[in-house]
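Here the structure is laid out as structure tokens; the discussion comes afterwards.
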Amino acid sequence: MKKITSLLTLGLGIVFGINAQTFVNTSSENKNVLLEEFTGIYCGYCPDGHKMAKDLADANSGDVFLINIHTGNYANPNAGDPDFTTSYGASIASQASVSSYPAGSVNRNVYTGGKMAMSRSYWDQYATQVMGEASYVNVAAQSSIDLNTRVLTINVEAYYTSSSAAASNMLNVALLQNNIAGPQSGGATYNPSQILANGDYNHMHMLRHLITGQWGESIDTTASGTFISRTYTYTVPNDLNGVVYNLMDLEVLVFVAEGNDNVISANKSSMSYITPPGQSIVDLGASTNMSVSSMCTYSVTPEVTINNEGSVAVDTFDVSYSLNGGSTVSETIYSSLAPGASTTHQFASISTSGGPNELTFDVKVENYFSYL
């Protein structure tokens, strides 16, 4: 988990800046895929769509990019439930002619049934088709977030390797957020890996804002050899519809379209963080090698491995476990853990029921300041 921690031994915070030189590829490429999935927290089959989309993106890393758009009746929250909708989703869904959920559009093109929105069973087929087509424009972005001011800066570049038939194109910048906990019908059945320890569903790639507006900003020169460079800034608010923006979980996608539809190509922005003086990003992860069989006895020794996945050494951290959702047992570890290093910690043996048992682990940096 990424946390912002005060490190007294450092005189200055670590600042990651954006490389100012050209970073977009100027060689011809095939199109990348933008898969927009229309979803909602009361849609029982939507988690199956989430899983299929993730599998597609994982199998085509760097070529397939996902946006989950919460819109329509399945997304309108009942009292007490979170509102994951945006002011943009309804128009995108209307253009796609969404009539059932989950539905998705591939690069905002009409491929089946006379409309953009299609069943999840077609996503792989048409995504593969798109990735085999030449793109006349490449697009890339580099972003940074100032964790003190909450200002997000996005540098976007596009390069036309050949001319567009359209006199103008539209440049789009979408702000997404990952790891948003909330309710989800069908989650445990169709996508159990996204169920959190507290029973909530872990929502990913959720559309939060379109920085360039509903349909993007115009690119008026689309001839071969044209280079476009634009910079956008956006002060991220504390929340949208009461749903908190966690700055560490934001994701930026950029894409070029011919008008409101026909996305030519898309890409994910890199993301770096500007930390306040005297503070640095600490990213620790917890994992275990405990076998399933070891959890079916009358006694077990909880064991967790802590991985330093960040760029700063950590010398004090807390590890904890919970057995079958019960009370948390926590211990503080005083041991230097360099970037990329790991250490394994064993707790005292505990008695169990002898049947199937579940252990959950966590790791935290003490005295941290969390920037949401």
Side-chain angles (χ1 to χ4, degrees), residues 23-25 27-39 43-70 92 96 98 100-113 116-141 143 161 172 174-180 184 186-196 201-207 249-257 261-271 285 287 307 309:
F23 48 83
V24 69
N25 188 10
S27 300
S28 297
E29 294 182 348
N30 281 359
K31 294 178 180 178
N32 290 336
V33 169
L34 179 72
L35 173 56
E36 293 173 293
E37 180 178 351
F38 303 97
T39 186
C43 167
Y45 291 109
C46 283
D48 189 47
H50 302 161
K51 183 178 185 304
M52 293 178 69
K54 181 181 183 300
D55 289 345
L56 177 62
D58 288 347
N60 299 278
S61 179
D63 294 323
V64 174
F65 303 97
L66 310 177
I67 299 180
N68 284 4
I69 302 173
H70 287 250
I92 302 172
V98 176
S100 61
Y101 290 75
S105 68
V106 175
N107 285 45
R108 296 185 178 176
N109 284 331
V110 175
Y111 288 112
T112 180
M116 295 178 191
M118 67 181 81
S119 164
R120 59 193 183 280
S121 61
Y122 292 102
W123 297 349
D124 185 273
Q125 174 186 345
Y126 290 107
T128 300
Q129 177 178 315
V130 167
M131 288 184 286
E133 298 172 354
S135 173
Y136 57 71
V137 63
N138 299 330
V139 62
S143 303
T161 57
N172 295 262
L175 179 62
L176 316 180
Q177 187 172 337
N178 295 310
N179 302 313
I180 298 179
Q184 179 62 61
T189 301
Y190 293 105
N191 200 1
S193 65
Q194 290 302 107
I195 300 297
L196 301 171
Y201 187 83
N202 193 32
H203 291 273
M204 303 293 288
H205 313 295
M206 186 187 296
L207 177 64
D249 288 325
L250 297 183
E251 178 180 339
V252 173
L253 293 188
V254 293
F255 56 98
V256 176
D261 54 13
N262 191 18
V263 172
I264 302 304
S265 204
N267 215 335
K268 178 181 176 179
S269 175
S270 63
M271 185 68 74
S287 60
N307 308 291
E309 300 166 0

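Residues: numbered from 1 along the sequence shown.
Note that CD1 of Ile67 is 10.5 Å distant from NE2 of His205, once rounded to the nearest 0.5 Å. Between atom CE of residue Met131 and atom CG of residue Asn60 there is a gap of 3.5 Å, rounded to the nearest 0.5 Å. Put simply, CD1 on Ile92 and CZ on Arg108 are 5.0 Å apart, with the number rounded to the nearest 0.5 Å. Between the CG atom in Asn138 and the CG atom in Asn30 there is a gap of 10.0 Å [rounded to 0.5 Å]. Note that OH of Tyr136 and OG1 of Thr161 are 10.0 Å apart. Values are rounded to the nearest 0.5 Å. Taking CG of Asn191 as the start and NE2 of His50 as the end, the distance is 8.0 Å to the nearest 0.5 Å.
Summarising the geometry of Asp261 relative to Met116, their closest heavy-atom pair is CB-CE, 3.3 Å, with the distance given to 0.1 Å. Across all non-hydrogen atoms, the minimal contact from Tyr101 to Cys46 is CB-SG, 4.2 Å. Between Val130 and Val106, the closest heavy-atom pair is CG2-CG1, 3.8 Å. Nearest heavy atoms, Ser265 versus Val137: CB-O, 3.8 Å. Taking every heavy atom of both residues into account, Ile195 and Ala188 meet most closely at CD1-N, 3.7 Å. Nearest heavy atom pair, residue Leu35 against residue Ala53, reads CD2-CB, 3.8 Å.
Using a 3.5 Å distance cut-off with no hydrogens or angles, the side chains of Asn107 and Tyr126 do not pair a donor with an acceptor. With hydrogens and angles left out, the side-chain atoms of Asp249 and Asn179 include a donor and acceptor closer than 3.5 Å.
Every residue two or more places apart in sequence or in another chain that forms a side-chain contact (heavy atoms from CB on, under 4.5 Å) with Tyr190 is listed here: Tyr45, Pro47, Asp48. Glu37 is linked by a salt bridge (charged side-chain N to carboxylate O under 4.0 Å, His left out) to nothing, counting only residues two or more places apart in sequence or in another chain. The side-chain hydrogen bond (donor to acceptor under 3.5 Å, both in side chains) check on Glu133 picks up Lys31, with sequence neighbours excluded.
Contact check for Ile264 versus Ser135: side-chain heavy atoms found under the 4.5 Å cut-off. Residues Val252 and Leu175 have side chains in contact (heavy-atom distance under 4.5 Å, counting atoms from C-beta outward). Taking the side chain as every heavy atom from C-beta outward, Gln129 and Tyr111 approach each other to under 4.5 Å. At least one side-chain heavy atom of Leu207 sits less than 4.5 Å from a side-chain heavy atom of Leu176.
The main-chain N or O of Ala266 is found under 3.5 Å from a side-chain atom of Asn32 such that the two form a donor-acceptor pair. No donor-acceptor pair closer than 3.5 Å links the side chain of Asp124 to the backbone N or O of Leu56.
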